[in-house]
2 protein chains.
Amino acid sequence: MPPFDVPEGDPFGPHNLPYGVFSVPGEDGGARRVGVRLGDHVLDAGAAALALGSPYASLLARPTLNPLLAAGRTAWSDVRRALTGWVTVPSHRETIEPFFHPVAEVTLHLPFEVADYVDFYASENHARNVGRIFRPDAEDSLTPNWKHLPIGYHGRSGTVVVSGTDVVRPSGQRKAPSDPAPVFGPSVRLDIEAEVGFVVGVPTPMGSPVALADFREHVFGLCLLNDWSARDLQAWEYVPLGPFLGKSFATSVSAWITPLDALDAARVAPPERTHPLLPYLDDADEEPGGYDLRISVSLNGHVISEPPFSTMYWTAAQQLAHLTVNGASLRTGDLYGSGTVSGPTERERGSLLELTWNGRDALELPDGKRTFLEDGDTVTMTAWAPGADGARVGLGEVSGRIVAG
Amino acid sequence: MPPFDVPEGDPFGPHNLPYGVFSVPGEDGGARRVGVRLGDHVLDAGAAALALGSPYASLLARPTLNPLLAAGRTAWSDVRRALTGWVTVPSHRETIEPFFHPVAEVTLHLPFEVADYVDFYASENHARNVGRIFRPDAEDSLTPNWKHLPIGYHGRSGTVVVSGTDVVRPSGQRKAPSDPAPVFGPSVRLDIEAEVGFVVGVPTPMGSPVALADFREHVFGLCLLNDWSARDLQAWEYVPLGPFLGKSFATSVSAWITPLDALDAARVAPPERTHPLLPYLDDADEEPGGYDLRISVSLNGHVISEPPFSTMYWTAAQQLAHLTVNGASLRTGDLYGSGTVSGPTERERGSLLELTWNGRDALELPDGKRTFLEDGDTVTMTAWAPGADGARVGLGEVSGRIVAG
């Protein structure tokens, strides 16, 4: 099918245009190029820009999205407007048609160089479920700080991998309360965390907090993110300094970065705030900071959960404001995860920990029962957001298969 | 004084030769160059290599240490041997003399691009002091996992700064147990952590743990590190996911990286292990994994502590083995801190938290009392290690001044 014949209602139509980085096996020694997705095709955006004499070739004819990310909001809007013209105006279409490749025939790469990776914990449903599971006798299932600040921690940026990368089951120490000493071996409680990742474009110097209202000046777009977690390793190691080896072995992100500009129709108000917020986090008078993203998580092809991102208590703007309020600088390529997305109902939970209530209630799948992940299992997350006039904006999938260590 | 006239006993004599990156104000547009320190001078190592027709010019005539770091142990030894020849053999000396600059006349930069930054918690004295301060009623001042694994967490690599960089006092949320709600403002409990940082040179792919015996194949050298900590921010935020804004505002490292090859005479056995270790951490049959580094911490020029690195329970080799045992990959430029170095006596504690017992016992300094840091305070760490034949190997200092936010 020609690249421009995108079916009506396709979530990757010209209203979407997410960015990625691809190479074509056997071509140009596998050189990486910035790609823009249209339907089932990817446009070699740099080649198109050069052919059209576009001033944006310097941002697009590159092996990574970093230069585009660093260019800032005005450039982001201008480039997006130009791309929209290229794929919709007939005279441009003719010029750029040779630069399309079927998505199925290219290799997709990590689309940007990850600087720092931070992970948050922003779903109240998730935090309460975790509290109920691990501290069943506590008066409040949330820790005392939870409603006052978006809890976060730094993760390992060197192990952020692109969708499709196999995940090697991690080994490490675990110790059940009844064990006399820790034992070593492959994790037996390997889990997922369905998240959304936010990609920072415009950096800041040290000592310059980013106000809530400046969120869109710094964040370019978002992706789907699976924060693989070895619950047994995590349980033994995490007191007092937080998760480390239980998370650091792999974090998968989708190959496509959806620009915030494609998601204007999906902006929604976050849940009502139950506690007063300090001024730097108080978004009562800000534009709506939530995003209505409908996530679907499947295990070996069977949908096991549909977490609604609109239920997240803390917004991405609040997370960025918090992350920088102590003067920490931002770099182009900083990535931060929302934290596991869990809705209020059982079928909306974003981790196996919650879906199986820490292994108590196995999921019944056509290919067998599951509490945690087995070798050979493939987990795939997809999502869409409402667009203008009833359209759907598709997010790129993030998928990974577990292989034995 | 000519660069080669290094006084007998100088800790930066030709037996040391640490590496850094410098520029000369007003020269070459401030271009960065790899430097090697000799006494009070720094050799422009790339220019010297080119003048001598050395095959190592490709590693040294660079704006960062990363290419040398990535080159591996054989290259590290070869380059060090070559440098030793250049600064000791008279015919070479003549050629390279024009490429020396007084250290006082150059600007020193962050010597490598930091990939991931991890911080450990490896001093038993420090961990027990922290336990006694914050959990005075606990049966054991150590958490149950402490003697079984080197506890660590990821920090923010984007805010690792070179010695001499001012540290802006961070603001953030704090809440005393008696406060009804958190308050926002500049940290009032700003602290230091005297640490040693280890610099990874040779990367590994995912799924390839580094055995204890391979430590020196991957780690190039070490530096001094001050893990600035806002104790009030940290106390309110750190449950359950660990330190975040309390640490992420700045981490200072010395401008000089001392190669492990300069520290062979300083290798010592770590403290006796009181608990059996799992095989991947069991170093009973390995070469001595400790380093006898004598650290000195001064506040506004007055020595307040002399932490002995030889007392660290977990070695850098064990930390690297642990960090990678789950399959996490390494990148050139990964940096990991030892954790606060505290010896058994009061004058050997590596943080103000411990030195003042959480503010209870102020330090009496010539310029006034101190519990935590005040604006304008300068903290400087220096260190030396025993070399061959009674020589001292100096580590580069790490210094930073607190400025108001």
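Each chain gets a letter, A, B and so on, in the order its sequence line appears, and its residues count up from 1. Values below: every heavy atom of this structure, side chains too, minus hydrogens, waters and symmetry copies.
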Heavy-atom cut-off 4.5 Å, strictly under: side chain, backbone, both or neither for [X] against chain A?
X      : result
B/F120 : side chain
B/A250 : both
B/P144 : both
B/H275 : neither

Check your understanding: Going from NE2 on B/H148 to NZ on A/K175, what distance comes out if it is rounded to the nearest 0.5 angstrom?
Key ->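 Reported to 0.5 Å precision, the distance equals 7.5 Å.
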
Review point. Are A/I151 and B/F244 close enough, and set up right, to give a side chain to side chain contact (heavy atoms under 4.5 Å, CB included), and what steps lead you there?
Key: CA-CA 8 Å; A/I151 293 173; B/F244 185 37; over 6 Å; no

Region of [X] that comes under 4.5 Å of a non-hydrogen atom in chain B:
X      : result
A/L277 : neither
A/Y121 : side chain
A/D334 : side chain
A/L278 : side chain

For chain A, which of [options] has the most heavy-atom pairs under 4.5 Å?
options                        : answer
B/A181, B/P182, B/G405         : B/P182
B/P203, B/G172, B/G207, B/S248 : B/S248
B/S329, B/G152, B/P243         : B/G152

Review point. Looking at the rings of B/F184 and A/Y280, which for Trp means the six-membered one, are their centres under 6.0 Å apart?
Key: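 Under 6.0 Å, so yes.
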
Pick whichever of [options] has the most heavy-atom pairs under 4.5 Å with chain B.
options                : answer
A/F249, A/Y117, A/W146 : A/F249
A/G158, A/G327, A/A115 : A/G158
A/T324, A/D119, A/N145 : A/N145
A/L330, A/V114, A/V239 : A/V239
A/T143, A/V168, A/L149 : A/L149

Review point. Among B/S171, B/P186, B/S187, B/P170, which residue meets the side-chain contact (heavy atoms from CB on, under 4.5 Å) test with A/N326?
Key: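 It is B/P170, the one option of B/S171, B/P186, B/S187, B/P170 that forms the side-chain contact (heavy atoms from CB on, under 4.5 Å) with A/N326.
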
Review point. With side chains defined as the heavy atoms from C-beta onward, is the minimum distance between A/R331 and B/S157 less than 4.5 Å?
Key: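 Answer yes - side chains close enough.
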
Review point. Are any non-hydrogen side-chain atoms of A/V161 and B/M206 less than 4.5 angstrom apart?
Key: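 Heavy-atom side-chain distance check passes, below 4.5 Å.
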
Review point. So does A/R401 have more than 12 non-hydrogen atoms from other groups sitting under 6.0 Å from CZ?
Key: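 Count not over threshold, so no.
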
Point to revise | Worked check of side chain to side chain contact (heavy atoms under 4.5 Å, CB included) between B/R156 and A/V118 | key: CA-CA 9 Å; B/R156 190 161 186 82; A/V118 162; 3.8 Å; yes

